[in-house]
Amino acid sequence: MINIGDDASDNRRGVELTERLPGLRTTIGRHPHSAGEPITTDERHELRDLASHPNVVAVGEIGLDYHFTDYHKVAKREQQAVFRQMLGLAQEVGKPVVLHTRDAFPDLLTILDEFPGTNGVFHCFSGNSAFAAEALARGFYISFAATVTYPTAHGVIGAATIIPLDHMLVETDSPFLPPQSRRGQPNAPRYLVETVERLAALRGTTAADIGQATGQNATALFRLNHAG
Ligand SMILES: [Zn+2]
C-alpha cells in the first residue's frame, strides 16, 4: 500500500507512518493546490532529504489543476513553476512521479516533455482514450479510482476498457470519490474492490486478474521489491 503526500503538512508524517507500519510506502509531494508559494532553497533541501528516504517510492502528488473554485485558486504560472521544480527533484533522486491534473492536460504534457526520461503515473485518471494514448506514448501508467464505477463517466470508462493491462494501476483517492454503491459517504481503501470488479467487468476478465496485474505494475513502477 502506498500513502500519498501532498505538501509539507503530510510529507513527513507519511514517512513516519512507513517507519511504523511494515509494507507501507509513501510519496513526497507539492500538490498544485499548495503551489501558491514557490519552493524556497530550504524547503528544497528538506524535500530532497525526504525524497531520498528508502521508503519514499515517488515524487507526487505534483501537477497542474486549472479547475478553479473558491477553495482553490492558484495562478497557472505559479503552479507551473512548482511543477517544474518537483519534476527536477524527481530526476535528481531518480524516482517516478505521481501526477495530478485537472483541466490542464495540454500544459501538463508540454512541461512533462521538458523532462525526458521521467516516468510515473497519471493518478485518478479523469481523461478519455485520447488523453490516455498521450500518457501511454510517454510510457506512463494510468491509475483508475472509483470514478470508473460512475455510470456517467463515459470518457474514463472508455479509457479503462482499452488501455493495455500492463500500464494500469488502481487507487482509492480516499476519503474522496467513493464507489457508486457508497456515493455520499467517505471513501476508504477497503472499497477498492468495487473499482477492481468494475474494471474486470469492462474488460471481460476476472477481478483476480486485474488485481494481479495492477499489483505487478505497482511493484515494477515503484520498485517495491527494492524498497527498504
Ligand atoms: Zn490528486
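All ligand and atom numbering here is 1-based and tracks the order in the structure. Nothing fancy with the numbering, it's 1 onward along the sequence. Predicted model only: the values in this text are computed from it and were never measured.
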R183 charged N/C atom sitting above Y150 aromatic ring, 6.0 Å / 45°: yes
R25 NZ/CZ over F222 ring centroid, <6.0 Å and within 45° of normal: no
Identity of the N, O or S atom of E61 lying closest to the Zn ion (ligand 1): OE1
Residue R138 excluded, over 12 heavy atoms near CZ under 6.0 Å: yes
N, O or S atom within H100 nearest to the Zn ion (ligand 1), by name: ND1
H123 near the Zn ion (ligand 1): N/O/S under 2.8 Å: yes
Centroid-centroid under 6.0 Å between H72 and H67 rings: no
